[in-house]
Structure formats: structure tokens, C-alpha cells
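Comments concern the structure below.
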Amino acid sequence: MRKYSVFAVAREALRGHKGWEAQWSSPEPRSSYDVVIVGGGGHGLGAAYYLAKEHGITNVAVLEKGWLGGGNTGRNTTIIRSNYLYEESMDIYEHSLKLWEGLSQDLNYNVMYSPRGVMMLSHNTHDMQSFKRHINANTLYGIDNEWLTPEQAKAYCPPLDISKTARYPINGAALQRRGGTARHDAVAWGYARAASDRGVHIIQNCEVTGIRRGPNGEVTGVDTNRGFIGAKKIGVSAAGHSSVVMEMAGVRVPLHSNPLQALVSEPLKPIFPCVVMSNTVHAYISQSDKGELVIGAGTDQYNSYSQTGGLQIITHTLDAICELFPMFRRVKMMRQWGGITDNTPDRSPIQGVTPVPNLFVNCGWGTGGFKATPGSANLFAHLIARGEPHRLAAGLTLDRFRTGRLIDEAAAAAVAH
Amino acid sequence: MAELATRTLPLAGAHGGSAGVRLTPAAPAERLSLRARAEDVAALSQSLGLDLPTKPKTSASASGRTALWLGPDEWLVIAEGAGSSSSDLKAACASSGVLHSAVDVSHRNTAILVEGPGSAAAINAGCPQDLSLKSFPVGACTRTIFGKVEIVLLRTGEESFRVEVWRSFSDYAFGLLAEGARDAVL
Amino acid sequence: MLLIHCPYCEEDRSELEFRWAGEAHIARPENMAGITDEEFAEFFFLRNNEKGLTYERWRHIHGCGRFFNAARDTVTDKFLMTYKAGLPKQPVPGVSATEKAVETCEQTEGDAR
Amino acid sequence: MSASVKNVGAFRIKGAGRLTPARTARFTFDGKSYTAMEGDTVASALLAHGVHLVGRSFKYHRPRGILTAGPEEPNALLDVSRDAARRQPNVRATVQEVFDGAKISSQNRWPSLSFDVGAVNNLFSPFFAAGFYYKTFMWPRQAWTKVYEPFIRRAAGLGVAPTEEDPDRYANRFAHCDVLIAGAGVAGLTAALSAASTGAEVILVDEQPEVGGALHFDTSTTIDGQDGYDWAQDTAAKLRAMPNVRVLTRTTAFGYYNHGFLGLAERVSDHLDRPGRDVPRERLWQVRAKRVIIATGSIERHMVFANNDRPGIMLASAVRTFLNHYGVAVGRNVGVYTAHDSAYEAAFDLKRAGVHIAAIVDCRDRPGEAVLAEARALGIDVLTGHSVTDTAGRLRIRSMTVARNGNFDIRKIEVDSLIVSAGWTPSVHLFSQSRGKLRWDEANRRFLPDTYAQDCVSVGGCNGTDDVAEAIDEAIAAGGGRVAVHGESRFNWTGGMIGAAEGAGPDTTVKAFIDFQHDVTAKDIRLAVREGMHSIEHIKRFTTNGMASDQGKLSNMHGLAIAAEMLDRPIPQVGLTTFRAPYTPVTYGTLVAHSRGELFDPARKTPMHELEAAEGAAFEDVGNWKRAWYFPRRGEDMATAVNRECRTVRDVAGVFDASTLGKIEVVGPDAAQFLNLLYTNAWDTLQPGKCRYGIMTREDGFIYDDGVVGRLAEDRFYVTTTTGGAPRVLHHMEDYLQTEFPHLRVWLTSTTEQWAVIAVQGPKAREIIRPFVEGVDISNETFPHMSVAECEVMGVPARLFRMSFTGELGFEVNVPADYGPTVWKAIWERTKGMGGCLYGTEAMHVLRAEKGYIIVGQDTDGTVTPDDAGLGWAVSKKKTDFVGIRGLKRPDLMREGRKQLVGLVTNRPSDVLEEGAQIVADPNQPKPMTMLGHVTSAYWSENCGRSIAMALVAGGRARIGQTLYVPMKDRTIAVEVTDTVFFDKDGGRIHG
């Protein structure tokens, strides 16, 4: 792999950038692999990378039915934070945040992790109690998260309207300074390049149509539109399509796939310095490096794989954005799109073994999967390599729905992003 | 204690509208949320003195009482004018002798009269239903959504509607109607 | 914004009047207190989440207030039929639940085959 | 506007165009003043004055001019303002109509448009190849955030966001129709005539100020013997006169969503000099159409060649629009570079208007016979089989370099403008948004509608039907009616190309722009492919081609062709990126429409709200209710007021507005049985006239809601819920009633708003209310704690509860809501006279905490069982079924050591814990600490003379008496675990 650096760019600039090689190779699939990962998003590609890097397992294929990062990796609003409430959540999201901090260097690919701060607005007593519960839990767990007065919040994010006459005045905010954003495509591409460099096969346009089982019920491989591919172990990391893929192995999972929409404005000069979220009025917003205001809308209410949703979800979100930032009413929506989120009943992910031997699942990240990418991928690789979960992901089992040991982030925050 | 309670309407003093739409808070009314099974409709109709409508989106009126079909077992009965009282309505239902639920909602709702050539347009500022006369003729009624609140809509004339709304939502409904009225002069 | 036929109002109405209410035809166990943990998880949490034909419940919450059932394709979001609560699962002519779903336009259009 | 003759531009051609000089408007551009004619766009007005340079590109800050005459414009994005608060960035000069007094500025340049320091980027452009930022800026680690990113952010972006609140109004309208027609060119107008003739309700929309579409420029088409544009206006007038037709101009169909739902954005008043106060700026139309006819025409493409982006280089159709509609010539010595016949007509029109045509350079060997003959007849020099391989000119094109194809002999031809056309791309955006599938038309190198996903049909240019007569036939058929329209054009156009032209091929390094706004060149696409980006979506994302505010209307096909060539694959195999809504950008304000300020979200107020406000109440938001929070007297802060209220309630009495609590009337012979199933408690044992505290769980066994339920009669219950929980509890109950227990004869009715609820709590409560109540004996003996009765209060029917959320003797007076204010006033007067007070939600919270009463959602979240909350007694052991019975028995819910609700007292009585504070056993352990639970409620209790708190603590009840710790930022607070009752432990007062 040719190292990326400012010198490499300068050298190539002088010869018309003709010397760059493909970032990842596109080989024909082998007849079998030690590990097949279903799903070429950030989580799947990352898991392949860490299997190779940390567990020495390089006979790995990532099968993607479309194009790399074409699912939720390339459709989300790229918010990164780790200030969750429950220990199980803090474990995995903080693990992830720590990996984000060195990811560009680790991958030799600028993923543009930008810790510009994630601020969650509090509008009432209930918000305040909930945020302080988070802040205190985070602090004792070693995760940064702090309370701001309305004035401090305004100083951190000048466009904010903190007037008392607002419909839902702001009575404070929780700020995680290490939270921020990253460049979503770069995450998929960076992992793909680094994994490919370590021998992982990245196979696009390869749709899994069946999971084959051996005499003892264990997995033996996958049927695809490019033929059968043998596998000693299979890791499913298919986000919105997890139910469909798991069903191929006869495993039902407690998931709902819902449309989640987002939108960007026309590009503007820098006006918005951080990420702001409000659960009470249902909005979150940041500004991309290109200058677009990136706004996340809510999920549509029904199950769907259509990657489209209703206009009312968009208008409802913009109501809230313009209420918080009245100056943005003359800004224009340039593009809207949708993704398919896989939501669990407790809004926490599932990562673990399944009733089928050697079949592992990583799903249910709902609206929060992007921020978890490095951590989830890293722990999923551990799970696949060792056959049992890493300590930091031990609570994310499928079995919790039987025992009732839920990790109910949904109960703690109305909108989990 | 000699002092008697008096009624204060939630929209008392509200006024609004435009050249094409007049908005008026309706006079106080008695209202009943009536629930009953299909087999008991006839008996209740007789006791109430009007035919409870059984067709979706229709209403029926007789002697100051109007019954609005809201659902297959649900009607909103409105009695207007002096002398009507919710206990009369309840008593009438009770006299039917059939199984039903009659709950006084006289004060839960308040009503706004929307009148004028732009009335449908004003309501369509927040209501997603087709209010053309073809689809929503005089006498048609429905529970529906109006912006961010629920309303019950009754067409009382070609250019007039009655908007029933829960009292705490009435400021909002009136405000949105006023906005719609301003914009209804196309 | 979907357009949904309410089988009670006998009319197509905007999605704004409705609330989605989960997978249809999941009967609450008669002997609720006696089922196993596995059966409870199955009843309360596990869902088909079909890609393609799905049976689901809606409530015309800002209309007649009734819950009812619908058959819908989750890939196209097209309603194939709606029918009243309490009726058994209605077959959809020409469609079987196991038929492979059509790909979404985004997937096919974005393919680099 | 003034009627006097002004200088409306040196480039106005006498006798050309449709504008009349009767009215003019003054505007400024970058501080310089200009005069426009009524009907001018900013673009036509500037061009009339010879101004081509209007902006700088995104990345390289290259000078840019006006390329198009429509909404597809990628370059001419300006900042337009009426006044300081009405400033709009990124406005297309080709769409915005001039209004008198408009202040217009260019963007993305410093210090000036003609001298822009950012243009240095152009010199370094070799470094800024597509995706260069992924490969660098990684060292040192912190530098990305601190140095590089701020630099990139400042350089990027186009316009400057408004900084003031927008004072303008926006409107929304829901509408329905049988047929919605998008586009009012020949095809759309004809389709409308046809559809309207059937009596169908028709909505016809067009984004331009007048109908006509391509007829704005196409002067060679005649319809029904009339000039095409005149026919269009007459037809629109005819349609407007029909009762079943609505014609909306300046209206863009921006999104085609599910089930025949379309979003339209109407620009209502941005073109007016002085918009009236009642006129919205823009209006959102949310249309449900039974059928949609898409007649959106097609969009001309530019030629991809070296330095094809200089100001003065323009699309042929734009040049014709400026001349034939606005009467403006784009130059005096104009060149043409084309792969399509349409550019010839532009040359003809200009030539006839007296403009010199330097040459028509046609990369084809065989242009259309008819245009070639006409060019000869007009004496225009045509160079077939030639290409323009470069251009020169810093702020405006000065010359073009021309070479015979495959030949290196070049010659420079001086020009001041260059007309380009690579052919036309059908506008399939709406069709694609409707999720129709496209097919590739290899003969004409374009995508066309193929399989429809909704009830819609494409007609005319957007369906690939170029011949006007055929388009008309198609439109008539689509409309379903019978009308006769006859149209013909002088020329049938041929030709067109996609991809890079001569001299910009894979072996070159020239800057041949595809996406003007994002500065994406042909070589960027090739680099992306070289780097392994083989999916068109990857190429788009890597290069950002088509992701600018014009959404690739000009660039997508070129990019696709270049990628396909690089990949050596046919175009349909490379695919097409998705067309996403909106078609053109839509103002947030328009989408928000009325939902702002007071109408953003309903503020629900109780019947007594105004009276409470008059008593000085501070209010808090609870859900969308406004609730009286506390009642400060002069000089009191919140704490002082709350302390006084708490003390007064226990010493005398207080009046509290409990109207917001949810209320549901449950009526029917099976009412008790139904409640048995929905609550954990048993209800058949509750006698009429009595009430009971109930807990509702979901199937999973966790607390969902709580409240007091009164039995008014054998078959009638009055259920109360939490304020925020009311709607979801009713929905939950309806769900079970309708779908699980439909055999039960019971009905549910929300009565939350029917009743004003005035709680009177405190030792003197009975004495206060006694004079108002008739029809019930409220003595302790006949009306003990947890009684309910129907009676009269001040002469009106009322429901009286003896209940308490304070631990004091208490009553809740329910009167029909309209009576609330007078009853409240009378009760408050009497209370005041006896030394009592008004109290708000804050005092209510403190008082209930003193008694250990929980608030669902504060002392519980979605993971707390009744037993966890110390309410195990409320779960019936005898019932064989209720919602939650099984969930409660799951292993983790039965486990030892679950978090349980307990009391906490701080070692120092004055320390008030923070709600949300975490609790540990060992405050000195390293992080991450093991946390035992958290503080759910904490207050200063004036009545206890110390702080009190409730907390959920692991194994909490077994820890009573233990000392635990609450580590805070600045110190650690030691606490003792207690039970949850802090005041009146034996509970005698409630029975007083």
C-alpha cells in the first residue's frame, strides 16, 4: 500500500496524479474463507481490518451487495459522542471514541474526525435531571461531559436562541467536548484500503441469498449471486437488512427497520461551530466542512426498506431547527435522503453469538451506528476471532430480551443519536 | 353560599379572519361523547330524537341537536341554544334502556366557526383532507388533524365550517386558522 | 407521506391521521402467566420485520380511532390491502409472503455491476 | 418603479424580447447601481449592462459568469437582500426577478469579485485533486482540528448565512387534484387542456413567472398558427378561466413522494417591489394527486473542454432566452461551440439581431442539413469536424482556440462570448423521485422513463419526445381528453454528446469542467476511477460531482460518460446516481410555513392560567402544557417562594391547579374487568364512591404510568394519568380494548379537558371547601380519605375527590372546565382569607417527596418495576392475568440486587443533592467507578428542616442505614440510606 502523506500528494501533483493505485483491490471471490463478513459498511469493513490486524486472521472476505459504505455509513449525519447512560453503552461508545481519536493515523487515511463538541440542549426540568444523570455517570466513568448554563451554551454556539420567550426556552445544556463529527465515506474507504492491504478480500455487488448449515447446525458458507462461498465463521453486520440476513439462518431478531431521513442545506460560510441536539424539540444539526448545514430528522413510524420517508418528517424537523435558530429560516434545503435503521426494543445494539454455531451478529445500532463504527468493529472482530464477546461488549447479547436485562437508553433519552 | 359559578369560554374575546374568511368563537354548547354498539343505535336514535348517522363522515341534525359520526361506535352529539343541557342529553340516552356510554364533554371542546369563500382554503392550511364540495359536502364531518392538533370538522354550509377542538388547543387552532385565513384570499 | 385506506371510514386518508401499531396477527397468549421466558421474548420482542410483504396494524388515531390491519410491501411502501381488526390474515392475490422482494431503486441505480 | 426612460443596458436589442420599457427598477450589484426592466431576472439585467462576471467557484475561486437562464444555474449564485433581515444567500441570478431597491452582491470572494485572493487556490490546483484531503492533513494528530479544518471550512462554503431572524411569513396549503401537471411548456399546457376537458380537477405548475417553458426562447415553433409563446399565454388564460383548473406559476414541484404526494414551493412575493403584509414570501403546497403528468422538458448540457468555465461561455438556449425573451444580446462578437443543432438557432437569432457570429465550431462532421443550410444563407462561418480546445481571458472570455479534430494546427478566434451546447438531458428527476425505473436510450445517449412505480406519465421532452407535434399528441393522450392542438417547428434538431470533448481526453491534464460549482473536472473523474472508485456513487462522493446546489443537472451525464469510458463499460452498467428531492433548493421557512413562534407547538393552558398569571405565577413546560411552577411574592426568589408554599400547605392549606392530569372515563358493564387487565391492582373490590392508587405496567413489567382511579358507579370509573402520559395511556388502553379484549363491553373517553381540577390540600382544606359544596357530606366519617362523590360546587355539577399528593388532608374539586375560573377564584379568596397559599408544581414535588410518593418518569425510568419502586403491594397476587404479569417474572426482574427506590439523607442537612447525581460505595475507587444508582429527586425540605432525596440504589432496601457517597465535581457528599418517608411517618395527617 502506498503511504498517503503531503509529500505523496505533492509528488503526484507534479505528474498529473497518474501514479495513484486503487485504494482497495477487487478480487474474484475464493471458494472459501476463514471468516465471511456480510455487509460492507463501516462496521463490517472495520471488523475485517481488526481481524487481520489484531487477530492475525487474514483469510477474510467482506461481501457487500451494493457499493462499500452505501448503506447507513454513507447516509448518516456523522455524529460522534460517547456520553451514554448505562455502563454497557459507555463501554462500547467510549471504546469507539478512543479509537476515533487515532483512526486517521492508524488507517493512514484522513477520516476527518473533528472533536468540535456535541451539545445537547435542555429545555425543562426533566431534561435537566436526565442530562445531569448522564453527566454524573459519565464523569465517574471517566468520560467527559459537562453542564453548561444557557449563557455558556450560547458562547459555545453563538447562533443559539436562548431567549426566555422561546416556546421551549433553553435552561442549560450538556456538552461533550470530545464529541464531534467525521467524514463518513472516508471511514468506509479507509477501512477498506487498510483491510485490503492486509489481504482481506473486498467483494462488492455480491449479495448473500442464503446461509448454509452443516450437520451440527453450524454455518458452512453463504450462497450469493456470485455462487457459493464457504466460510468457517460468518459475521453478519448488515444494519437495516439484518433481519433479512439472519432469517436466512433461521434466526429471528428483535428489530424494526425504519426509514431515517436527513437533509443538508446549500453550502454556507462557517456559521455553526459544533453539533447541537435537542431531544425535546427533536432536532440535531451541525455544519460540514463543505459548509452545508447537516440536519438529522426523525424516523418514520413504520417498517420500511424503501430508503425514503415522508415530507412531514422533514418539515417537523425544520420547525424545530428554525425555532432554535430563527436566523436559518431563509437557508435552503439542498438535498434530502433516507436510510434504513435497525432498531431494537431498548434502542441498544445487539452484538454476540447466536443460536447457530459460528454465526455472529452485530446489529440494532439504530440511529447511532456511525459513532460506534471503530469500537463496534473492533469488538466484533474479537467476538468472531475468539467465539465469545469482549468484556466491553458482554452486555449486548441477544439473550437480554429473554432475561429482561435491557439496556434501556430509549427510556433515558427520547431520541438516541 | 349564594355565589354561582359562571362559564368562561376559552376563546372569549378572540377575533380574527380576513376579507375572505370570518372566524368566530361559537356560542357555548352541550356536548356528549356517545358510544354504542350497532344493534343499539336505533333505540338511542329514538330517544335522542335524531337518526344517529351510521355512514362514515356524515352527520344528522334535528331540533337543535346534531350528531356527528366519528367512528363506527362513536358519535359527538352537540346541542345548541338556550335550554339545552348535557344532563338532558345524558338522560335521553339513558331512557333508551340500551347499553351505551354517554360522557359529558361540553367543556372539553370549544368550537370555532369558519365562514366565507376562503373557509376551506383556510382550514387546508393545516388539514390534509380534501375539502372540495364533491368530497366533503355540506353536512360532512370528520375527526382529523389540523397542523399539530386534532379537530373535529363539520361542514355547515357550502362556505362554512364548524371546527371543534379541545379547549387547550383552541388558541393554537384559532391562530392557525387566522394564518390560513390571511392566506386564503387567492 | 403515505395514503392509507381506512376500512372503517371507507376512504383514503393522509398518513398524518394514522399511527403505526406494529406487526399484525400476534395474539396475546391466553395463558399469559404460564408461558416460558422464551415464549415471552418471542411474543413481546421478536418480529418478522419482513422485506417485502408485511402484515401490520395501524390506528386511525386522528380519525375514527379504530385499529385495523394492513398488508404492505416494505420495499415499495405500497399498500396491498387494509382490513378490519379481528379478521384473520387476508391473503393478497398474486403475492406470497416468501416471494423475494424487489430491490429498491437506490440499490439498483447505485450499482456498479 | 418609475416610468421614465432609463438606461436599461447597452446590450438591449431594440425590437427584441418581450419586456416593455414602461416600468423599470433600480438595483445595485456589488455596490454599483443598475436599471432593469420589469420582468428582468437579475441575470438578464446584468447581461443587459454587459456584466458577465458574477461569482467565484467553490474550490479554485475561478471567475464565473452566467451559464444558463434557468434554475439549473451552477455559477451565478448571488446574495440578494431587501433589507438587513431579508438577506438571502445563494440566489440564482437566472431565477430571481429584479425588484426595485434590490441589493445584490457576489459571493465567495475577497476583497472583490475581480480581485479575489482565494484565486491563489487555482495556482495550487494540482495539489487539490479530487479527494486529496483524505490523503493528508493527518500529522500532527491535533492539527486537523486546530489548523487544517478551520482553514478548509473558511475556504469552502458559498454564501454567508443570514444573521437576523427572518421577518417574512410563509404559508402552507394542502390540496387535492385528479391530475397534477408539472411543467407548463407545450406538453404541459396541452396535457392540461386535455385533462381539463374531461372535467378533472387539474393543477398545473411551472417554475417560471410565465408559462411557456422552452417557448421562451424557441421562436421557431408555432402552435395553432400562433407564435408559440403567445399561444402559451392564451392557453394559460383559457385554463385559468376554467373552474376546475388551478395554474400556479413561480412554483416548483420539488419532490414527488409516496402515493401521489408532491411538494410544491411557490415564490409568492420575492419579485414584488413592496410585498403586502398579508402576502407570504413563499407558499408550500402539499398536493395529493390521483395522477401526475410530468412535462418537465429537458435541460441543455455544456461542452466539456479545456477552460470551458470562463465568464461569457453560455448555453445556447440561455443565449436565446436572453435575446428572445429579455431582448438582451450576450455579446457583440460571439462564437459557437456545439455538438448539437440547437446552438445554430442561437447563432441565427443573434445574427438576425445584428450580433456578429465569429464562427460556429461543430465537433461533428455532419450537423443537421437544415441548420447548415440556414447558416450558409445567413453567411455564418461553420467549422464542422472542429473543436474548441481552449479559451483565454481572465475575467471574461477573450478568445477561443480552434483545431480540426485530430489535428494539432490551432488558431485563435477572438470572441467576447461563446455559445455551447452538447445536447439535451431529459428532466427525469420527478419521475425518478416517484421511484420509476429508467432505461438507457443508446441511440440518443440518454436515460428515459421506463417502468412507472406510481400513477404518472411523462410527456414531451422529459420523455425523450423531441418533436413538437409528437409531444402534443402524447400530452393529449396523457390528459385523457379530446382537444385539438397543432404545432410545428422549423427545425428538427439532431446531435448531442456526453463526456469530454476533443482535447480533454484521458491523455490530457487540462481543466475541463463538468461540475462548475464544485470545480469537478474530467480528470477528477478519471482519478477517482484510477483509485478504485468503480461505482458511480463512489465516484460522485469522491469527486463531489453533482453534489453542489444544482445537484448535477448539467454534470451528471458528463461525469457518467467519462467514468464509463475509463471503466470501459457501457453507461447503463455504470449506473446513475439517485435523483434526490428537492429538485431545486427549498427555503426552510417554506417547509416550516406556519409552524413558528406561537404556532410552533401548541402551548396548552389550563382554564385558570390567566388567573394564576395574574397572581404572579412562574410557569414551567411539562410536555406541551404550561404549568404554574411557583408563585413568588414581591422580593421572593424561587427557593424562598417554594419554602413558603411548602410550609403554608402543611400549616394551613394551599390551592393547586391539577387540571393537566390526564383523565379517562371508563364506562360499561365490564369496566372493572378491563381495568383489572390494564392495571396491576385489583379493581372489582373497589366500591363505588371510593378511589384507589393504580399502577399500569406494559407487558414487560416496567412501570408505564400511575394515577388515582375513582369508581363513580358500578359501570363507571374515572381514571387519572400523569400529565405527560395521558395520550399514550389512552392509546395503550384502546389498543388492548380493541384488539385483545374486544369482547369486553366498555368504552373509553378522554375527559382531561372537560374538568378543571382544583386541589385544596392542608389541615384547613375541609373548612375551605365546605361552603362551596352541596350534595355530599364531606366530614371525615362519611367522606374519608380516598372517597369520591358527584355533587355540586357553586351550583354546578362537580366531582369531588378526597385524596392527597401531599400527605395532608386534601380534596380535589373537579368542575366543568368553563366554570374553573370562577370556582378557583372563590376558593382562592377563601383560602387566602384563612392564611393559605397558592402553590405550584415545585412545591407539589417537594411535598410529595417528603411523603415518598413517586413521580413516574422522574423516580422511575423505563426499567423500574413496581417492586423496585417500593410499590409491590399494588401488584395483585390473586389475579391470573394482567398486562405485565409475565414480564414481571422474567429472571432479571426477579433478580437480587436490583435497583430499588430508597431515601437518602445527607450527613450535612444543608447539602441538597443534585438530581441525577450518581451514588457509589467507595468514593476513592479509580475511574471507571462502579455506580450503585442515582438520585432521582432531591429538595430542600422546609418542613423537615433539612434536605431530602430519593434514589434508585442497587439492593437499596437492604442498605437502609448504610453510608454511601455521592461524588460531585468539587467534593464528595456522604449520605445515609433511609426509607422514603421523611415527614409524618405514621401518616396520620392525611386522615385529618
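Heavy atoms only: backbone and side chains are in, while hydrogens, waters and symmetry mates are out. Values in this document were obtained by computation on a predicted structure and should not be read as measured data. Each chain gets a letter, A, B and so on, in the order its sequence line appears, and its residues count up from 1.
Looking at A/Ala8, neither its backbone nor its side chain comes within 4.5 Å of chain D, counting heavy atoms on both sides. The parts of A/Leu140 that come within reach of chain D are both its backbone and its side chain, each placing non-hydrogen atoms under 4.5 angstrom from that chain. With a threshold of 4.5 angstrom between heavy atoms, D/Val935 does not approach chain A through any atom at all. If you measure heavy-atom distances from A/Ile295 to chain D, the contacts under 4.5 Å come from the side chain alone. Using a 4.5 Å cut-off between heavy atoms, A/Thr280 does not touch chain D at all. Residue A/Leu263 touches chain D through its side chain alone, counting heavy-atom pairs closer than 4.5 Å. If you measure heavy-atom distances from A/Glu323 to chain D, the contacts under 4.5 Å come from the side chain alone. In this structure, chain D has a heavy atom under 4.5 Å from the side chain of A/Gln204, while its backbone stays farther away. Heavy atoms closer than 4.5 Å to chain A are found nowhere in D/Ala130, neither backbone nor side chain. For a residue to count as touching a neighbouring chain, one of its non-hydrogen atoms must lie under 4.5 Å from one of that chain's; by this rule A/Asn108 touches chain D with backbone and side chain alike.
Here D/Arg890 does not pair with D/Asp700 in a salt bridge; the nearest charged N to carboxylate O distance is not below 4.0 Å.
For D/Phe600, there are no ring pair (Phe, Tyr, Trp, His ring centres under 6.0 Å) partners, not counting sequence neighbours.
Of the N and O atoms on the side chains of D/Asn624 and A/Tyr168, not one donor lies less than 3.5 Å from an acceptor on the other residue. Between D/Arg596 and D/Tyr170, the side chains place no donor N or O within less than 3.5 Å of an acceptor N or O (distance only, hydrogens not considered).
Relative ring orientation between D/Tyr148 and D/Trp144 is described as tilted, the plane-to-plane angle lying within the 30° to 60° band.
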